[in-house]
Amino acid sequence: QVQLVESGGGLVQPGDSLRLSCAASGFILDYYTIGWFRQAPGKEREGVSCFSSSDGYTDYADSVKGRFTISSTKGNATVYLQMNMNSLKPEDTAVYYCAAKYGLAGSWSNLEWYDYWGQGTQVTVSS
């Protein structure tokens with residue numbers, strides 16, 4: 001059974017750092033692209049970043065470029081989204097989701113492109 005489980009969310013202050021995890025099971029992560037998305041209250045779900053396991057390709061939304069880093073450890077069926085120190089802003093508050101698509105990164109920011117979704121983890125940035 002394919003499963004994606006996000007973890008690592010929480011309440012943090014502006015400027016703090018946070019690392020989200022997306023644990024994959026039921027499929028071989030090496031053949032998939034993992035995307036991170038977020039949805040703030042009253043807003044549409046938007047693409048944040050992607051990681052293509054087969055070739056190591058990564059991409060970021062302009063809003064997080066230089067602040068967030070996506071990564072995965074070879075052999076570890078987990079993809080991380082590191083929200084770097086001094087980078088988190090109140091506007092990053094959202095439920096963060098990961099999603100999986102078989103193959104290389106293509107239309108990674110398109111929600112409909114993905115095969116599987118996790119349930120999400122809440123990130124709240126507030127002083």
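- Less than 6.0 angstrom separates the ring centroid of F27 from the ring centroid of Y32.
- T93 contributes no side-chain N or O that, together with a main-chain N or O of T124, makes up a donor-acceptor pair within less than 3.5 Å.
- Expressed to the nearest 0.5 Å, how far CZ of R19 lies from CG of N84 amounts to 12.0 Å.
- Between E6 and C98, the closest side-chain pair of non-hydrogen atoms falls below 4.5 Å.
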Could you go step by step and tell me if M83 and L20 meet the side chain to side chain contact (heavy atoms under 4.5 Å, CB included) rule? CA-CA 8 Å; M83 301 170 172; L20 306 183; 3.5 Å; yes
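- For the pair R38/E46, a side-chain contact is recorded, criterion being any heavy-atom separation below 4.5 Å from C-beta on.
- Counting heavy atoms from C-beta outward, Q82 and I70 have side chains that stay 4.5 Å or more apart.
- Both V2 and V79 belong to a common hydrophobic cluster when Ile, Leu, Val, Met, Phe, Trp and Tyr are linked at side-chain heavy-atom distances under 4.5 angstrom.
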Side chain to side chain contact (heavy atoms under 4.5 Å, CB included), that's the test. Do L29 and I34 meet it? Break it down for me. CA-CA 8 Å; L29 187 61; I34 299 296; 3.5 Å; yes
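- L111 and V48 are not part of a single hydrophobic cluster, where members link through side-chain heavy atoms under 4.5 Å apart.
- Heavy-atom neighbours of E44 CD from other residues, nucleotides or ligands within 6.0 Å: at or below the threshold of 12.
- Checked by atom type and distance alone, the side chain of D115 pairs as donor or acceptor with a backbone atom of Y102 at under 3.5 Å.
- Ring centroid separation for the pair F51 and Y80 does not come in under the 6.0 Å cut-off.
- At a threshold of 4.5 Å between non-hydrogen side-chain atoms, the residues S49 and D59 do not count as touching.
- Counting only heavy atoms from C-beta outward, the side chains of S25 and Q3 approach each other to under 4.5 Å.
- Residue Y116 is not grouped with residue V5 when hydrophobic side chains (ILVMFWY) are merged at heavy-atom distances under 4.5 angstrom, including chains of intermediate members.
- A donor-acceptor pair under 3.5 Å links the side-chain atoms of D16 to the main chain of Q13, judged by distance alone.
- By the neighbour-count criterion of 12 heavy atoms within 6.0 Å, atom NZ of K65 is densely surrounded, having more than that number from other residues, nucleotides or ligands.
- From L18, atom CG reaches atom OG of S87 across 9.5 Å, with rounding to the nearest 0.5 Å.
- Side-chain contact between T33 and C50: present, with at least one pair of heavy atoms (C-beta onward) separated by less than 4.5 Å.
- You'll find the ring centres of Y114 and W108 outside the 6.0 Å limit.
- Across S52 and G103, no two heavy atoms sit closer than the pair OG-O, 4.4 Å.
- For G9 against V123, the heavy-atom pair with the smallest separation is CA-CG2, 4.1 Å.
- Although no hydrogens or angles enter the test, the distance criterion places no donor-acceptor pair under 3.5 Å between the side chain of S21 and the main chain of S7.
- Here the closest heavy-atom approach between residue S127 and residue P14 is recorded as N-CD, 3.7 Å.
- Under the 4.5 Å side-chain contact rule for hydrophobic residues, V12 and F68 share a cluster.
- The hydrophobic clustering, which links ILVMFWY residues whose side-chain heavy atoms are closer than 4.5 Å, places L104 and Y31 apart.
- Residues Y96 and W36 have side chains in contact (heavy-atom distance under 4.5 Å, counting atoms from C-beta outward).
- Note: D92 CG to S63 OG = 7.5 Å, rounded to the nearest 0.5 Å.
- Taking OG from S72 and CG from D30, the interatomic distance works out to 8.0 Å, rounded to the nearest 0.5 Å.
- The shortest distance between side-chain heavy atoms of W117 and Y97 falls below 4.5 Å.
- Nearest heavy-atom pair across F37 and R45 is CB-CG, 3.8 Å.
- Counting non-hydrogen atoms of neighbouring residues, nucleotides and ligands closer than 6.0 angstrom, the CD atom of Q122 exceeds 12 such neighbours.
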